[in-house]
Amino acid sequence: AQVPVGIDRMAWYTPNHFLDLDDLARARDVDPDKYRTGIGQRRMAVPTLDQDIVAMGANAAQRLLDGVDTRRIGLLIMATESGIDQSKASALFVQEILGLGHDMRAIEIKEACYGGTAGLQIAADYVRVHPGRTALVIAADIARYGLRSGGEVTQGAGAVAMLVARSPRLMRLEPESVCRSMSVGDFWRPNYATEAMAKGKYSEQVYLRMVDDIWHASKGRGLTREEGLAALLFHIPFTKMGRKGLRSLETQLDPDVYARLTRRFEAAIVYGRDVGNIYTGSLYLSLISLLANDPTLGEGNRIGLFSYGSGAVAELFFGVLQPGFRSVLDAEGDRVLLEGRQRLSLEGYETIFSRSLVTDGSTQVLEQGDPHAPHRLVRLERHERV
Ligand code: CAA
């Protein structure tokens, strides 16, 4: 039998400022119910300049490193679509900040919101063929669409870190999955743009088409086994999107199974509803949210995960919860992270949003946004980061 490989530990981070979306609705002259129920979001994280993907990724990973033998980490992957450099992998900055060893591959991966899953699967394959080694995967992003844009309400920021190992304590990954990839222009960000461009409604259609196609293909290959499926998670650009994904499968599912998946979906969106889109990490934040907010899940429960990245790549894969998985979660730490945040006024949000890093090589010292975060970007100097 194949040695079990999967997620040994998970942790996440989000910056400590948020905008209440009722405030955004009022400012944009929109009915607050549209954001609350039509989009399904309540709050969104607003990052200050010192919490970029490197800082957020390091802050997420820091939460899981306690007691981990970091000398065994042979692969460090940063998955992001908010890259800070065209050449150097953000993983190298994270490696240095966390004080990790140098006997490892350290790289960055990109394919929109699918990047986290690409990283996780590559890490799992790596661990399968490298006995004694583990892999650290970090998915970190800042979702920016622009002030008064159609996507403004679906912004967010945060990072999820996952340690991938043999005989994992949290979730074993089944090696078989179904993927789909094809070039689609639903959402993208050219190199010269600081904000994403999206054909909003079209992107929803592509997402749902991928759900349908991949579900049928998985069923045809005997992978869904939905009678025993404890939960089905979705990439969550905003919670209504995941809800639409689940609803689109209703007629194909036994009513009891659909009721169970719907109940568990509610637990899976608790964190995302208050953080917003974190692109590569969204699906994984949903998994953490599910495990922290549904006390009825138990060892041996099988969970399906639908990953979607615009552009577009999708994958449906499955994991099985391991004995004692609750002991490696930190629901109290999650609560402190979410409840310790500061609420911004609309003006405060717009001011922070409009700030940018210098591009001329002059020195820029950054204000500290999160007094509790262990890592941050301190300043820029001669085009280099400190
Ligand atoms: N009360 C309750 N609901 C209301 C309402 C009210 N007063 N007013 C409107 N609504 C509902 C609408 O009926 C609609 O519901 P359905 O989607 O179920 O039809 C919903 O609120 C949204 O309203 P609109 O149809 O008017 O949509 P919009 O023009 O505001 O755009 C959006 C919404 C397309 C999601 C836009 O925010 C956007 O472009 N977001 C960024 C792109 C995105 O996230 N795409 C998702 C798929 S791509 C992906 O997943 C990758 C990724 O991470 C980006």
Side-chain angles (χ1 to χ4, degrees), residues 19 21-22 24-45 53 79-82 110-118 139-160 180-190 193 195-214 233-248 250 265 268-269 271-273 275-286 305-316:
L19 179 66
L21 296 177
D22 282 1
L24 183 66
R26 265 190 296 278
R28 302 294 179 249
D29 203 15
V30 168
D31 180 355
D33 273 346
K34 171 175 173 178
Y35 291 171
R36 267 192 243 131
T37 49
I39 299 283
Q41 293 298 118
R42 217 165 64 123
R43 296 171 165 180
M44 74 184 185
I53 52 148
T80 188
E81 52 184 301
S82 318
K110 173 175 68 190
E111 182 0 62
C113 309
Y114 173 74
T117 302
D141 269 303
I142 296 173
R144 275 175 73 92
Y145 295 90
L147 302 177
R148 285 170 282 279
S149 66
E152 183 176 28
V153 63
T154 66
Q155 299 176 133
V160 175
R180 285 289 180 273
S181 54
M182 72 188 81
S183 178
V184 178
D186 63 330
F187 167 106
W188 67 103
R189 181 160 70 83
E195 271 109 47
M197 302 173 182
K199 294 178 192 156
K201 288 288 153 192
Y202 178 56
S203 69
E204 293 193 50
Q205 287 164 11
V206 179
Y207 179 116
L208 291 173
R209 221 186 299 145
M210 286 284 202
V211 170
D212 185 60
D213 183 16
I214 245 173
L233 304 182
F234 290 84
H235 165 56
I236 306 275
F238 49 96
T239 69
K240 178 71 165 290
M241 189 71 246
R243 196 180 291 284
K244 285 185 190 182
L246 182 56
R247 274 186 194 153
S248 72
E250 178 172 6
F265 178 81
I269 59 173
Y271 291 171
R273 190 168 49 211
V275 170
N277 199 354
I278 59 166
Y279 292 157
T280 47
S282 268
L283 173 64
Y284 301 96
L285 181 58
S286 178
L305 296 98
F306 173 78
S307 179
Y308 177 76
S310 288
V313 180
E315 180 166 351
L316 178 63

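First listed ligand is number 1; within each ligand, the first listed atom is number 1. As the structure is a prediction and not an experimental result, all values here were calculated from the model.
A salt bridge links Glu152 with Arg28: the distance from a Lys NZ or Arg NE/NH1/NH2 to an Asp or Glu carboxylate oxygen falls below 4.0 Å. Salt-bridge check for Lys244 with Glu204: passed, with a basic side-chain N closer than 4.0 Å to an acidic carboxylate O.
Comparing heavy-atom distances from atom 3 (N) of ligand 1 across Ser149, Gly156, Gly38 singles out Gly38 as nearest. Distances from atom 35 (C) of ligand 1 to the heavy atoms of Trp188, Tyr202, Phe238, Tyr279 show the closest one on Phe238. Around atom 51 (C) of ligand 1, the closest heavy atom drawn from Ala196, Ala312, Ser310 belongs to Ser310. Among Ser282, Ser203, Gly309, the residue whose heavy atom sits closest to atom 46 (C) of ligand 1 is Ser203. Among Ile236, Leu208, Asp31, the residue whose heavy atom lies closest to atom 7 (N) of ligand 1 is Asp31. Here the shortest heavy-atom distance to atom 27 (O) of ligand 1, taken over Glu204, Lys201, Glu152, Lys199, belongs to Lys201. With atom 38 (C) of ligand 1 as the reference point, the heavy atom nearest to it among Gly151, Pro237, Ala143 is part of Gly151.
Contact annotation: for Asp33 versus ligand 1, heavy atoms closer than 4.0 Å belong to both the backbone and the side chain. Contact annotation for His235 and ligand 1: only side-chain heavy atoms (C-beta onward) come within less than 4.0 Å of the ligand. With a 4.0 Å heavy-atom cut-off, ligand 1 is reached by no atom of Val206.
Geometrically, ligand 1 and Tyr308 share no nitrogen or oxygen pair separated by less than 3.5 Å. For Gly150, a nitrogen or oxygen atom sits less than 3.5 Å from a nitrogen or oxygen atom of ligand 1, counting backbone and side chain alike. Considering backbone and side-chain atoms alike, Lys34 places an N or O below 3.5 Å from some N or O of ligand 1.
Closer than 4.0 Å to atom 13 (O) of ligand 1 lies none of the heavy atoms of the protein.
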